[in-house]
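All residue numbers in this chain count up from 1 along the given sequence.
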Amino acid sequence: EFNDKSKEIQILLNQRNVNCTYVSIKQNTNKKYIIKLGLDINDNTLRESDKIKSIENLLTKVFKNSITFQRDYKNLEKQEYEQVYSSEDKFILQVGTSKITKNDSKVSGDSNMQIRLEDGKYMLLISDGMGSGEEAKQSSKLVIKMMKNLLSSGFDRKESINLINSTISLSSKEEMYATVDMAILDLYEGNAEFIKNGACATYIKNKKNVNKIELNNLPVGIVEDSEMTTYERNLHDGDIIIMCSDGILESKEEIGDKDWLEGFVKGINTNNVQKIADLILAEAIDNGYGIAKDDMTVIVSKVVSKK
């Protein structure tokens with residue numbers, strides 16, 4: 001479909017003394033272009049801002065669509081170098097993370113990841129392993145690693161959850177499970193998909209309004225066919241998304257206030273995502289009289305519209 005454009009780009013780059021060995025073009029279902037360029041690994045100027053800007057301008061003219069640099073890869077063993085460009089997102093994402101290990105444990109059972117996927121979307125993920133300590137860490141790490149590899153290989157979300165669930169169920173002789181709390185943000189189209197398996201509620205704040213996303217189902221590894229529950233919504237300028245492990249929410253469980261976070265988030269006056277994450281973690285620890293009674297992880301992200 002894009003053979004002519006690939007040839008045109010390769011010719012134009014070579015005319016500008018950029019040695020290009022291949023051009024790969026893909027257009028996602030949301031119409032976003034992903035362009036991969038095979039370049040000379042020995043040309044150190046390719047990472048300079050002026051050279052990248054020049055390639056961005058060239059691709060923008062060819063596609064008649066604003067194209068920006070995303071990332072690059074170097075494979076020293078194969079002597080290969082690749083740069084990836086894509087249609088410019090309509091939103092930018094700010095992310096802050098704060099976490100602490102349970103007071104009497106050496107290793108946190110929570111794992112988390114923030115990554116841009118091959119299709120240009122952004123994934124935020126928290127997995128909370130059963131209990132705490134090394135065994136909990138191994139199950140949550142397995143979920144994180146498999147989800148990253150599966151989604152990067154082109155598997156859809158439902159297939160990935162099912163495969164992870166089967167792997168945990170089959171590989172564990174004893175009871176073992178982990179939650180999945182995932183947000184897939186399409187910063188080009190302006191929407192988000194929230195996927196939960198046994199995970200805590202997610203809160204979305206915009207100014208003084210706070211919406212709660214709560215999906216009830218079992219963590220992966222408990223039953224053979226773990227049902228994936230999803231929720232989709234449009235993104236708006238200024239949306240602040242709060243995701244956390246159950247150690248945060250359950251820090252007030254002893255006094256019967258498991259849903260304290262919604263009111264706390266409403267009262268926060270800063271828009272700085274790292275400060276919000278730190279404030280939530282500090283409050284959760286204070287709820288336990290200065291002791292982290294469980295592993296705690298919080299990810300706070302803010303969506304900002306490009307002007």
Side-chain angles (χ1 to χ4, degrees), residues 1-95 111-125 141 144-157 159-160 163 182-190 193 301 306:
E1 183 181 356
F2 298 111
N3 280 345
D4 290 342
K5 274 188 168 53
S6 295
K7 291 175 183 176
E8 180 185 0
I9 291 166
Q10 200 162 1
I11 291 169
L12 290 171
L13 286 172
N14 289 329
Q15 286 176 352
R16 298 187 184 195
N17 296 319
V18 176
N19 183 17
C20 180
T21 55
Y22 66 84
V23 178
S24 168
I25 302 170
K26 178 183 176 183
Q27 190 174 29
N28 298 332
T29 53
N30 63 0
K31 305 301 181 184
K32 181 173 186 171
Y33 289 106
I34 306 292
I35 305 111
K36 297 180 180 180
L37 307 177
L39 303 173
D40 184 357
I41 195 171
N42 298 312
D43 187 350
N44 295 323
T45 68
L46 291 170
R47 282 187 160 183
E48 295 176 1
S49 58
D50 289 346
K51 185 62 69 74
I52 288 174
K53 188 66 179 176
S54 174
I55 296 174
E56 286 178 340
N57 291 337
L58 183 154
L59 296 174
T60 295
K61 288 178 182 177
V62 170
F63 288 95
K64 297 179 175 60
N65 185 290
S66 183
I67 305 294
T68 60
F69 173 79
Q70 292 297 326
R71 57 189 179 275
D72 61 355
Y73 301 101
K74 264 190 178 183
N75 188 323
L76 296 176
E77 186 178 338
K78 295 183 178 180
Q79 284 294 292
E80 293 176 347
Y81 177 59
E82 181 179 87
Q83 287 187 353
V84 181
Y85 294 78
S86 72
S87 301
E88 185 177 16
D89 288 332
K90 297 176 177 66
F91 295 90
I92 58 175
L93 190 69
Q94 302 167 357
V95 182
S111 296
N112 67 284
M113 179 171 61
Q114 308 151 40
I115 188 172
R116 185 181 283 275
L117 300 173
E118 284 291 310
D119 60 4
K121 295 178 183 177
Y122 207 98
M123 179 175 73
L124 305 173
L125 175 61
K141 273 180 68 177
I144 293 281
K145 183 177 180 181
M146 286 191 68
M147 188 63 75
K148 177 184 176 182
N149 291 341
L150 290 167
L151 293 183
S152 298
S153 302
F155 283 81
D156 69 22
R157 274 60 124 182
E159 289 175 327
S160 298
L163 282 168
M182 179 164 55
I184 305 289
L185 307 177
D186 185 340
L187 302 177
Y188 179 73
E189 189 73 10
E193 181 182 12
S301 56
K306 287 187 177 179

**Request:** Give a yes or no on this: more than 12 heavy atoms of other residues, nucleotides or ligands lie within 6.0 Å of atom NZ of K141.
**Result:** no
**Item:** D89 bridged to K32 by N-O distance under 4.0 Å
**Value:** yes
**Request:** Assess whether atom NZ of K145 is packed by more than 12 heavy atoms of other residues, nucleotides or ligands within 6.0 Å.
**Result:** no
**Asked** Measuring from K148:NZ to M113:CE, what's the distance to the nearest 0.5 Å?
**Response** 6.5 Å
**Residue pair D4 / E8, side-chain heavy-atom distance below 4.5 Å** = no
**Prompt:** Is it the case that more than 12 heavy atoms not belonging to K306 sit under 6.0 Å from its NZ atom?
**Reply:** yes
**Cation-pi geometry met for K90 and Y188 (6.0 Å, 45°)** = yes
**Request:** Please confirm whether the backbone N or O of L46 pairs with a side-chain atom of Q83, one donor and one acceptor, at under 3.5 Å?
**Result:** yes
**Item:** Distance (rounded to the nearest 0.5 Å) between I9 CD1 and C20 SG
**Value:** 8.0 Å
**Request:** With side-chain contact (heavy atoms from CB on, under 4.5 Å) as the test, would you mind laying out the steps for L39 and T21 before giving the verdict?
**Result:** CA-CA 6 Å; L39 303 173; T21 55; over 6 Å; no
**NZ on K36 to CG on D72, rounded to 0.5 Å** = 13.0 Å
**Prompt:** Got D119 and I34 here, is their nearest side-chain heavy-atom distance under 4.5 Å?
**Reply:** no
**Message:** If you define the side chain from C-beta out and look only at heavy atoms, does anything of L117 sit under 4.5 Å from I184?
**Reply:** yes
**Asked** If you measure from CD1 on I41 to CD on Q79, what distance do you get to the nearest 0.5 Å?
**Response** 4.5 Å
**Result of checking L59, T60, L58 against Y85 for side chain to side chain contact (heavy atoms under 4.5 Å, CB included)** = L59
**Message:** What I want to check is whether the side chains of N30 and D186 have a donor and an acceptor closer together than 3.5 Å.
**Reply:** yes
**Request:** Give, for atom NZ of K5 and atom CD of Q10, the distance between the pair rounded to the nearest 0.5 Å.
**Result:** 15.5 Å
**Prompt:** Can E82 and Y22 be counted as having a side-chain donor-acceptor contact under 3.5 angstrom?
**Reply:** yes
**Under-4.0 Å salt bridge between E118 and R71** = yes
**Asked** Counting distance only, does the side-chain N/O of E56 pair as donor-acceptor with the main-chain N or O of F69 below 3.5 Å?
**Response** yes
**Prompt:** Does a side-chain heavy-atom distance below 4.5 Å link Y73 with V84?
**Reply:** yes
**Request:** Determine the interplanar angle of the Y33 and F63 rings, folded into 0 to 90°, and report it as parallel if under 30°, tilted if 30 to 60°, perpendicular if over 60°.
**Result:** tilted
**Message:** Can you tell me how far apart CD1 (I144) and CE (M146) are? Round to the nearest 0.5 Å.
**Reply:** 12.5 Å
**Prompt:** In a check of side chain to side chain contact (heavy atoms under 4.5 Å, CB included) between V62 and each of I25, N57, I35, L12, which one passes?
**Reply:** L12
**Request:** Would you name the heavy atoms of N28 and K26 that are closest together and state the gap between them?
**Result:** OD1-CE, 3.5 Å
**Asked** Quick one: does R47's side chain get under 4.5 Å of K74's, heavy atoms only?
**Response** yes
